[in-house]
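Have a look at the structure below, then the notes.
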Amino acid sequence: MPQTTDLGQITVVTGSYMKGQQKRNRYKNIGALMLTTHSTGEKRYWLRLDADILHASLYALVRAAGMAAGDDSFTCNVFENKTIPAPQEPANPDGWDGDDGRFDRPPAA
C-alpha cells in the first residue's frame, strides 16, 4: 500500500516587517511538497498547491481537468529531469510534410 509523506511547506515572501532592529520576511503558505512511496520502492514526488495562487485562466483549466467543486487545492506532478534527445532529421527531406512545427524551411508545395 502506498505511503504519502508531507516533506514540507512551499511559501512565498509577501512582504516584510521590523522586529526590534531586524527586518523579517512575511510569508504566505501556498502548498506542500509531497512524497508517495509504493510497496515496490518506487517514489513519486508531487505538489499540493492552493488554488487561489492560480491566474483565472489556469484555474479554469485545473477545474476542467477534474478539481472537485469546493476543493481549495490542486495537484502538480514533479518529473525527474532527463536528457531529451535532439530531434532527428527526416530520412528523406523531400518527404517533409510541413507539419513538424519548424520555421526554418518553407512548407511543402
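For reference, positions follow the sequence shown, starting with 1. If you're wondering where the values come from, they're calculated on a predicted model, not measured in any experiment.
Taking OH of Y45 as the start and CZ of F79 as the end, the distance is 15.0 Å to the nearest 0.5 Å. Rounded to the nearest 0.5 Å, atoms OG (S16) and CZ (R24) are 12.0 Å apart. In this structure, CZ on R48 lies 8.5 Å from OG1 on T75, to the nearest 0.5 angstrom. Going from atom CG of D50 over to atom CD1 of I10 covers 9.5 Å, rounded to the nearest 0.5 Å. Summarising the geometry, atom CG belonging to L58 is positioned 8.0 Å from atom CZ belonging to F74; distances are rounded to the nearest 0.5 Å. S73 contributes atom OG, which lies 10.5 Å from atom CD1 of I53 (distance to the nearest 0.5 angstrom).
For the residue pair H38/T40, the side-chain donor-acceptor check at 3.5 Å is not satisfied.
Closest non-hydrogen pair, D6 versus A32, comes out as OD1-CB, 3.8 Å. In terms of heavy-atom proximity, T11 sits nearest to N29 at CG2-CA, 4.0 Å. Shown here for N77 and R44, the closest heavy-atom pair between the two residues is OD1-NH1, 3.1 Å.
Residue L54 is grouped with residue L33 when hydrophobic side chains (ILVMFWY) are merged at heavy-atom distances under 4.5 angstrom, including chains of intermediate members. Hydrophobic clustering (side-chain heavy atoms under 4.5 Å, transitive across Ile, Leu, Val, Met, Phe, Trp, Tyr) groups L47 together with L61. Clustering ILVMFWY residues whenever any of their side-chain heavy atoms sit less than 4.5 angstrom apart, transitively, puts I30 in the very cluster that holds Y59.
Ion pairing of D52 with K28 is present here, as a side-chain N (NZ or NE/NH1/NH2) and a carboxylate O approach within less than 4.0 Å.
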Report the C-alpha distance between C76 and L49 in whole Å, list the side-chain angles of each, state the deciding distance to 0.1 Å, and finish with yes or no for side-chain contact (heavy atoms from CB on, under 4.5 Å).
CA-CA 8 Å; C76 292; L49 296 174; 3.8 Å; yes
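For the pair V13 and Y27, the minimum side-chain heavy-atom distance is below 4.5 Å.
Side-chain atoms of T4 do not come within 3.5 Å of backbone N or O of T36 as any donor-acceptor pair.
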